[in-house]
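Data block below; observations after.
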There are 2 protein chains.
Amino acid sequence: MPVTSSDLYPVSRLAAVQEATAKAGLDALLLTPGPDLRYVSGYDAKPLERLTCLVVPAAAEPYMMVPRLELPAAEASPASRLGLEFVAWDETDDPYRIAADRLGPAGRVGLADRMWAMSSLRFREVLPDAEQVLAGTVLRELRMRKSPGEVAALREAGAAIDAVHRRVPEFLRAGRTEREVARDIAEAILASGHETVDFVIVASGPNGASPHHDVSDRVIREGKPVVVDIGGQLHNGYCSDSTRNYCVGEPPAGYAAYFEVLRRAQEAACAAVRPGVSCESIDAAAREVIAEAGYGDYFVHRTGHGIGIETHEEPYIVAGNGEAMEPGFAFSVEPGIYLPGSHGARIEDILVCTGTGGERLNDSPRDLVII
Amino acid sequence: MPVTSSDLYPVSRLAAVQEATAKAGLDALLLTPGPDLRYVSGYDAKPLERLTCLVVPAAAEPYMMVPRLELPAAEASPASRLGLEFVAWDETDDPYRIAADRLGPAGRVGLADRMWAMSSLRFREVLPDAEQVLAGTVLRELRMRKSPGEVAALREAGAAIDAVHRRVPEFLRAGRTEREVARDIAEAILASGHETVDFVIVASGPNGASPHHDVSDRVIREGKPVVVDIGGQLHNGYCSDSTRNYCVGEPPAGYAAYFEVLRRAQEAACAAVRPGVSCESIDAAAREVIAEAGYGDYFVHRTGHGIGIETHEEPYIVAGNGEAMEPGFAFSVEPGIYLPGSHGARIEDILVCTGTGGERLNDSPRDLVII
């Protein structure tokens, strides 16, 4: 059954958020465009310099500040189902002042985690007595626990990016540059049903030892492994993110040994997922395998990050995060081994915690793909 | 001659920014990923939850906080030319504390205009005595005045998006949905040499009366005008943005009359551009033509926005902005007329102010394109 917007952004959510806001001792949430606004209202507003802001007071009716020229877009968005008042402002108005006057005195407000400084500093001016905290302190509890509809959307995103990985061998040829390959992959991400391309990492040879390498004009060569880490966002807002490893011809000496360690580490972390275990224990499960094999110094990042309507969100699978897994948590498991100056590898799947373990939402081949 | 990264992000800029920071009475700029960071350093860092931040003290050596796993990416970026120290932090460090300890006492700091609240609030904690203002107060003076290299990059972006507009008639067919057409346009934006697709507005019939309509599942019909407003970002960071109008078959009665008014208004505003005139006078030039023809109530937004490494940046072409045009200012001129419930039209070119007037950087046909 296709996932509908109502499954993903239920009308009931606004009341739940308002209740959580009151419970957290905040007077209001101020949600500018970005994932927090979309999560609460379903409205995927453009993040621009004109203020759009959903104000969710703890104890009064919510309303949304909207630039007049975007009023039709707001009215056509899922936010229109919420019975909110849209407060349209004109090009020469001060929308911050209007929003503050309407809210009244506030002692503590929660800002969308991604609110731009150009907005947070204006809100500080017009609400000088309000302590600013992150809306995430309220919303994380809701956003981390994915509903069955959200899991279905992430599954759809996983299948879409798997389809792109299966096409990578068409694009990856010796003699082409990383950038040329990345452009083809970006088009394939769109063609596979994603609405946007969020990132395309094509990291060949020594670039593969840079976990967040993007692309470069480096030419793909035979015998040089390539890390391909790609993701996009579906029309419904949910994100994909998966990493696989490719090589034109046979990989260099030494590669197979650590790739096999990486395979086992990724398996071990996936197998460690179940309700009640800590996030850091999943990180440790991958790290132990890699460290025992002597590659501990070459795994320089955490094991994973939550995913939903943001590619990176809570929970983070990292040492120090003792939060216990719950059914509905969705996150990446992506250990890597990086040999500076030579090459590297990373294997990444998205998993969701079920009642009994972890379900992988990606299933394209995890072995090195030899082209 | 192709524009090089050194033309667009000269090494000398950092010293100029540092001087301007001191002159503005700020102790430091704190630049997280986004256009401000890119403008100053050339580094197009990923905006993610892990802190990357270029700290530009007014009176000490600049340094850049970098997550350890992104250190190779930072070192491979144009920022490496600046002779900066990269301060790498590990997954369990507190990079805000490290940045603050190194900066020392500060009374006033400038935050990147798009710094996320998750960072600005942490900087407030670790620099409790520092008043936070926008880095834009310093950087706008530099960013608004485009160098010849920057103008060349915008010209390249303009030519790329013009090429996409010329292909729109291939994609726009009666019976297809806006979303289907938009997907083809997005692929064409990438194929034309853009690195990213920033927005694709395909607004047919009544949707054309919503200036910031995005796309929908509405089906394109004969005789229903379509507003197509598209843009992307080149690999070098510079952006395109152009709007044209299309119709499968003849447009409805009444359309031609206001479209002709719009054509004249857009021409009048373009002709008004020259050094010394105020930004608001260019807005007024378009608005007067539309108001005199009786459509004043149907032009509900400002006439334009600056453009560079952001699609929307200063200067804004809007009533109330008395700032005087200077050679090198680059901005859109995009009046629109919107008949709610029926249809609408907008014509948008990017212009650069030269020593004597305004040069348009777009030249695809501005007349209604009948398909």
Side-chain angles (χ1 to χ4, degrees), chain A residues 34 44 46-50 67-73 75-76 90-92 111-121 124 132-136 179 183 186-187 190-191 195-197 199 206-207 209-214 216 235 300-302 305 311-313 316 318-320 336 338 340, chain B residues 34 44 46-50 67-73 75-76 90-92 111-121 124 132-136 179 183 186-187 190-191 195-197 199 206-207 209-214 216 235 300-302 305 311-313 316 318-320 336 338 340:
Chain A
D44 181 28
K46 290 177 206 302
L48 288 170
E49 72 290 354
R50 291 185 185 95
R68 168 116 23 227
L69 82 162
E70 293 180 11
L71 185 58
E75 287 173 340
D90 290 300
E91 296 279 45
T92 51
L111 310 183
D113 289 18
R114 288 199 193 179
M115 183 185 285
W116 291 353
M118 67 170 74
S119 290
S120 62
L121 296 184
R124 188 171 294 276
Q132 294 184 342
V133 299
L134 291 180
R179 197 178 309 283
R183 190 158 288 166
E187 289 183 22
L190 295 176
E195 179 140 294
T196 63
V197 178
F199 53 92
N207 291 339
S210 166
H212 272 188
H213 175 76
D214 193 359
S216 75
H235 171 54
V300 296
H301 57 72
R302 67 190 176 207
H305 53 80
T311 308
H312 288 192
E313 60 181 48
Y316 292 101
V318 61
Y338 310 99
Chain B
D44 181 29
K46 290 176 207 301
L48 288 170
E49 73 290 353
R50 290 187 186 95
R68 169 118 17 229
L69 82 162
E70 292 179 11
L71 185 58
E75 287 173 340
D90 290 300
E91 296 281 43
T92 51
L111 310 182
D113 289 17
R114 288 200 193 178
M115 182 185 286
W116 291 353
M118 66 170 77
S119 291
S120 62
L121 296 184
R124 186 171 296 276
Q132 295 184 340
V133 300
L134 291 180
R179 197 178 307 283
R183 190 158 289 167
E187 290 183 20
L190 294 178
E195 179 141 294
T196 64
V197 178
F199 53 92
N207 290 339
S210 166
H212 272 189
H213 175 77
D214 192 358
S216 75
H235 171 54
V300 295
H301 57 74
R302 66 190 176 206
H305 53 80
T311 308
H312 288 192
E313 59 181 49
Y316 292 101
V318 60
Y338 309 99

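Proteins get letters first, then strands, A, B, ... in listed order; numbering begins at 1 in each. Values below: all heavy atoms of this structure, side chains included; hydrogens, waters and symmetry mates excluded. Here the structure is a predicted model, which means the values were calculated and not measured.
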May I ask you to name which of A186(A), A117(A), A73(A), G336(A) has the most heavy-atom pairs under 4.5 Å with chain B?
-> A117(A)
Full working for side chain to side chain contact (heavy atoms under 4.5 Å, CB included) between E49(B) and D113(A) = CA-CA 10 Å; E49(B) 73 290 353; D113(A) 289 18; over 6 Å; no
Is it true that a side-chain atom of E91(B) and a backbone atom of R302(A) form a donor plus acceptor pair closer than 3.5 Å?
-> yes
Counting heavy-atom pairs under 4.5 angstrom with chain A, the leader among N207(B), T311(B), L71(B), L121(B) is L121(B)
Given that the side chain runs from C-beta out, which part of H305(B) has a heavy atom under 4.5 Å from chain A: side chain, backbone, both or neither?
-> neither
Determine the option with the most heavy-atom pairs under 4.5 angstrom with chain B, choosing from T92(A), L48(A), L111(A), D44(A).
-> L48(A)
Chain A contact via Y316(B) - which portion, at a heavy-atom distance below 4.5 Å | side chain
Of all of R124(B), E187(B), E75(B), which one pairs up most often with chain A through heavy atoms under 4.5 Å apart?
-> R124(B)
Interface moiety of L134(B) toward chain A, non-hydrogen atoms closer than 4.5 Å | both
Would you mind checking which part of A319(B) comes under 4.5 Å of any heavy atom in chain A, side chain (CB onward), backbone (N, CA, C, O), both or neither?
-> both
Would you mind checking which part of A135(B) comes under 4.5 Å of any heavy atom in chain A, side chain (CB onward), backbone (N, CA, C, O), both or neither?
-> neither
Pairs of heavy atoms under 4.5 Å with chain B: top-ranked of R114(A), M118(A), M115(A), R50(A) = R114(A)
What heavy-atom pair brings P72(A) and A209(B) nearest, and what distance separates the two atoms?
-> CG-O, 4.5 Å
So, the part of V318(B) with a heavy atom under 4.5 Å from chain A: the answer is side chain
Proximity breakdown for L190(B) and chain A, heavy-atom pairs closer than 4.5 Å | both
Look at R68(A), E313(A), H213(A), R183(A) and state which one has the largest set of heavy-atom pairs under 4.5 Å with chain B.
-> R183(A)
